[in-house]
Peer 1: 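Take a look at the following structure, please.
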Amino acid sequence: KAYYEQLWADLGVDVPLHDQLIRGLAVLERRLHRKQKNRPEKMDYFNKVLNDLHGHRIAEMVEHKKQGGKVVGSYCVFIPEDMVLAADGIHVGLCAGSSFPVQEAEKVLPRNTCPLIKSSFGYKYIKACPYTEASDLIVGETTCDGKTKMFEILEDYHPTYVIEVPQRKNSRNQDVFTAELLDFKLQLENLTGNKITAENLKNATSKVENKFKALQRLFKLRQADPAPISGLDVLTITQIGFQDDVKRFTQQVNALCDELEERVRDGVGVAPKGAPRILISGSPMSLPNWRLHSMLEKAGAVVVCEESCVGTRLFSYTSEPQSDSLEDQIAAIGQRHMSINCACFTPNQGRIDDVLRMAEEYQVDGVIHYTLQFCHTFNNEGTKMEQALDTAGIPLLRVEADYSDDDSGQLKTRVEAFLELL
Ligand code: BJ8
């Protein structure tokens, strides 16, 4: 522990505050994850990572930095991890899912801002996240207005670079985004001192897309009834994927899938066959935002799919360049990301179509539309989603929540009433 404390202190982390954070996380993990029954054995790896969240991986990053390497942090799936890897950097999805730094963040940001934004900024503001402190550069994006404006403030606290994400999916905007990625390439080359070449980008893309394929495999296995793994465990795995080493993570997900294939063959599940199957769609759930999954599964349901950036929006697309040229590869990466059905796009019918398709593929009994408080994009899109699911005869519950536990009682009552209707 002393070794890690020194490591965190050297990065500039407020160690006593960080201690409180880690202790809170451990309590949550014991209360939620360990209380689950009949978990796959191959969850062991992910449990260990979760229990050592700021230890081994941070040590790897520090070692990488000592060798002259750079760490690049981000908060959105629009930032291409493969481009960072191609420049021999480490990419990390930064902490943004807990209420821990929110009160402090409200000293700078308006209170009526989405908790994900307050949490992201708050971790930097109170210096409690070693991943943020280890980042040589934070890369933001102009997805929603709240984030865009927060990045202008974050610049005063941390080296920050912002990529423009257009809000319509047409060829003109596709070109804008590709041009943004070409600028990002230069930015990464300046930061790391390494050239991004056609060859190293191709290798990096193949690593990242192998991770996507492993996650696709994991999600497909959840289509079985009984579901071979809980939604809480899959959510946690996907969250860990934003921080873990790409190759190691991919191997571990595939090893878990081997075990789950056996479970499906043998009819082994985490909940009895016929338990209510739920799809959650909406704002992303960053670690440790586990409340809704846990609540649903404690009430006897099983979450079988997340239409979310910590879910299908992360890994459903791959890039297919027209040729091996660097420009074509970057254009294909741009296309891969412009395929993401984030509610920041208008119109965004693709997301509604995805949910309707997935409701069938995953044999769901009901959908929960999850919106983080003050997330206007997903909240407004919920209206169209509600109409579409109503027409298709799929029950929907709309939930708006922040990161605090204040409304847990009320949320639990609504969730249980919804499950009874199914
Ligand atoms: S691609 S969903 S990760 S932007 S929840 S900060 S939208 S007010 S996180 Fe997102 Fe990228 Fe889109 Fe995905 Fe704003 Fe909403 Fe907050 Fe959000």
Side-chain angles (χ1 to χ4, degrees), residues 73-81 91-99 101-102 105-106 109-124 138-154 160 162-169 173 177 180-181 212 215 235 238-239 241-243 280-287 289 292 306-317 333-348 350-352 354-355 369-382 385 398-403:
S74 75
Y75 301 105
C76 174
V77 296
F78 267 97
I79 313 306
E81 179 174 15
H91 170 266
V92 57
L94 297 174
C95 302
S98 114
S99 61
V102 163
E106 286 173 350
L109 303 180
R111 288 195 67 198
N112 55 353
T113 298
C114 144
L116 189 146
I117 298 174
K118 287 190 282 192
S119 185
S120 317
F121 174 79
Y123 273 119
K124 176 65 222 182
I138 295 181
V139 184
E141 13 62 48
T142 61
T143 42
C144 70
D145 293 348
K147 262 189 181 175
T148 305
K149 288 290 150 189
M150 180 272 279
F151 291 128
E152 290 177 12
I153 301 169
L154 187 68
T160 303
V162 176
I163 293 182
E164 182 180 347
V165 177
Q167 290 174 353
R168 279 179 187 265
K169 293 186 178 186
N173 282 334
F177 191 58
E180 284 292 309
L181 294 186
F212 291 174
L215 287 167
L235 175 67
T238 320
Q239 290 166 336
F242 283 88
Q243 291 161 350
I280 297 179
S281 167
S283 307
M285 294 168 162
S286 307
L287 196 146
N289 186 0
L292 185 58
E306 295 81 22
E307 188 282 319
S308 153
C309 289
V310 190
T312 56
R313 290 200 297 268
L314 165 69
F315 57 70
S316 292
Y317 315 98
I333 290 173
Q335 215 153 39
R336 181 182 76 196
H337 290 258
M338 288 290 283
S339 304
I340 297 166
N341 291 323
C342 171
C344 302
F345 281 109
T346 182
N348 195 32
R351 180 171 161 246
I352 294 168
D354 282 347
V355 170
H369 191 271
Y370 176 79
T371 305
L372 282 171
Q373 206 175 27
F374 309 117
C375 172
H376 305 310
T377 50
F378 280 95
N379 207 2
N380 278 291
E381 205 159 278
M385 185 71 79
R398 284 178 76 165
V399 164
E400 189 183 350
D402 68 4
Y403 289 164

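Atoms within a ligand are numbered from 1 in the order they appear, just like the ligands themselves.
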Peer 1: Backbone N or O of Cys342 within a donor-acceptor pair of the Asn348 side chain at under 3.5 Å?
Peer 2: yes
Peer 1: Could you check whether any side-chain N or O of Gln167 sits under 3.5 Å from a backbone N or O of Thr143, counting only pairs where one atom can act as donor and the other as acceptor?
Peer 2: yes
Peer 1: For atom 2 (S) of ligand 1, what is the closest protein heavy atom, and at what distance to 0.1 Å?
Peer 2: Phe378 CE1, 3.5 Å
Peer 1: Provide the number and element of each atom of ligand 1 under 4.0 Å from a heavy atom of Ile117.
Peer 2: 6 (S)
Peer 1: For Thr371, does its backbone N or O pair with a side-chain atom of Asn379 as donor and acceptor, under 3.5 Å?
Peer 2: no
Peer 1: Residues two or more places apart in sequence or in another chain: which of them pass salt bridge (charged side-chain N to carboxylate O under 4.0 Å, His left out) with Glu307?
Peer 2: Arg313, Arg351
Peer 1: For atom 12 (Fe) of ligand 1, which protein N/O/S atoms fall under 2.8 Å? Skip waters.
Peer 2: Cys342 SG
Peer 1: Name all residues meeting the salt bridge (charged side-chain N to carboxylate O under 4.0 Å, His left out) criterion together with Asp402; count only those two or more places apart in sequence or in a different chain, and write none if there are none.
Peer 2: none
Peer 1: For Cys114, which residues count as a side chain to side chain contact (heavy atoms under 4.5 Å, CB included) partner, sequence neighbours excluded?
Peer 2: Leu116, Ile117, Leu372
Peer 1: How close does the nearest protein non-hydrogen atom get to atom 16 (Fe) of ligand 1, and which residue and atom is it?
Peer 2: Cys114 SG, 2.4 Å
Peer 1: With a sphere of 6.0 Å drawn around NZ of Lys169, does it hold more than 12 non-hydrogen atoms of other residues, nucleotides or ligands?
Peer 2: yes
Peer 1: What atoms of ligand 1 come closer than 4.0 angstrom to any heavy atom of Leu372?
Peer 2: 5 (S)
Peer 1: Specify the protein heavy atom at minimum distance from atom 15 (Fe) of ligand 1: its residue, its atom name, and the distance to 0.1 Å.
Peer 2: Cys375 SG, 2.3 Å
Peer 1: Report yes or no: does Ser74 contribute a side-chain atom to a donor-acceptor pair with the main-chain N or O of Gly93 at less than 3.5 Å?
Peer 2: no
